[in-house]
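Residue numbers start from 1 in every chain, and the chains themselves are labelled A, B, ... in the order their sequence lines are given, proteins ahead of strands.
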There are 2 protein chains.
Amino acid sequence: MTNQSVIDALAALADPTRRQIFEHIADRPRAVGELAGVLPVSRPAVSQHLKVLKEAGLVLDRADGTRRIYQLDPGGLAALRDYLDGFWNRSLAAFKQAAEQTPKEK
Amino acid sequence: MTNQSVIDALAALADPTRRQIFEHIADRPRAVGELAGVLPVSRPAVSQHLKVLKEAGLVLDRADGTRRIYQLDPGGLAALRDYLDGFWNRSLAAFKQAAEQTPKEK
DNA sequence: CGGATTGGTTAGTCATTACTTACGGTAAGT
DNA sequence: ACTTACCGTAAGTAATGACTAACCAATCCG
């Protein structure tokens with residue numbers, strides 16, 4: 001609900017490795033070791049990234065024996081999309097106004 | 001069009017100062033010195049951030065005498081929103097499936 | 001012209017953070 | 001119980017990047 005979650009989500013997705021993890025999870029739920037096997041980083045690194053993604057509200061986790069399954073969290077994504085939608089309207093208005101001010105654009 | 005622009009946009013908005021700059025520009029077009037006067041950083045810092053935002057396709061600039069006016073670029077925002085929308089559908093599907101697998105959630 | 005205003009660029013410093021290695025902890029199998 | 005498999009945490013290091021100070025370029029006004 002807060003604006004901080006959106007900020008955390010943006011910062012979380014800014015890292016290339018975290019974005020790869022996120023995209024793999026988006027495909028289907030994954031275990032930690034499964035992700036580490038695909039990615040070019042160690043398993044602890046994956047764990048640390050998953051912690052960041054979880055705190056940002058982008059992923060959920062559940063236990064499955066000794067394994068831990070991670071999946072997407074719709075809440076974080078919705079917050080992000082709503083945040084960007086807020087700019088979208090203002091962006092269109094500003095762009096329209098600027099186009100009128102400089103009509104001789106190539 | 002490429003996926004790289006989306007990645008650049010995410011990384012650009014991850015920085016707190018850049019997000020503040022972006023939000024001020026979203027309010028209305030601004031000059032560089034105008035932004036530096038409001039923000040707690042120096043003018044060169046603002047210039048560097050604007051360069052990043054511009055390369056990410058999030059802002060546009062035009063000359064106005066010695067000043068340079070920056071405004072939002074709808075293209076970058078649209079690409080970002082479409083990117084997140086792609087995850088949104090997958091997220092809902094994954095969440096629904098997981099809810100069925102663990103029906104005894106509190 | 002000459003000074004003043006406005007911005008972009010460069011060099012260098014400092015803080016943040018992503019990564020690996022090592023360790024501890026829990027659950028399943030024998 | 002012992003071993004194996006899987007995962008999170010801590011410590012330490014290397015690399016990324018955000019910032020300031022100094023300098024240079026372009027435009028406007030007297």
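The nearest heavy atom of DNA chain C to A/Gly65 and to A/Pro40 marks one nucleotide each, and the one closer to the 5' end goes with A/Pro40.
Between A/Leu80 and B/Leu80, every side-chain heavy-atom pair lies at or beyond the 4.5 Å cut-off.
We find that CG of A/Leu35 is positioned 13 Å from P of C/dC19, with the value rounded to whole Å. Distance CG (A/Asp64) to P (C/dT26): 18 Å, rounded to an integer number of Å.
A/Leu10 and B/Ala14 make their closest contact through O-CB, 4.0 Å (heavy atoms, listed as atom of the first residue, atom of the second, distance). Summarising the geometry of A/Ile69 relative to A/Pro29, their closest heavy-atom pair is CG2-CB, 3.7 Å, with the distance given to 0.1 Å. Smallest separation of non-hydrogen atoms from A/Ala12 and A/Ala56: CB-CB, 4.0 Å.
Test B/Val46, B/Leu50, B/Ile21, B/Leu58 against B/Tyr70 for side-chain contact (heavy atoms from CB on, under 4.5 Å) and you get one pass: B/Leu50.
Following chains of ILVMFWY side-chain contacts shorter than 4.5 Å, one cannot reach A/Tyr83 starting from A/Ile7, and the two form parts of different hydrophobic clusters. If you chain together hydrophobic residues whose side chains sit under 4.5 Å apart, A/Val41 and A/Val52 never meet in one group.
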Scoring nucleotides 6-12 of chain C by protein non-hydrogen atoms under 4.0 Å (B base, S sugar-phosphate only, - none) yields SBBBB--

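From one end of the helix from C/dC1-D/dG30 to C/dT30-D/dA1 to the other, with five pairs defining each end axis, the axis direction shifts by 20° (rounded to 10°).
Think of the region where chain B sits on DNA chain D: with heavy atoms and a 4.0 Å cut, that region ends 5' and 3' at D/dA18 to D/dC28.
For residues 10-19 of chain A, there are no salt bridge (charged side-chain N to carboxylate O under 4.0 Å, His left out) pairs, not counting sequence neighbours. Residue pairs that meet the ring-ring contact (aromatic ring centres under 6.0 Å, His included) test with at least one member in residues 6-28 of chain A, sequence neighbours left out, are A/Phe22-B/Phe87.
Residues satisfying the salt bridge (charged side-chain N to carboxylate O under 4.0 Å, His left out) criterion with B/Asp61, sequence neighbours excluded, are B/Lys54, B/Arg68.
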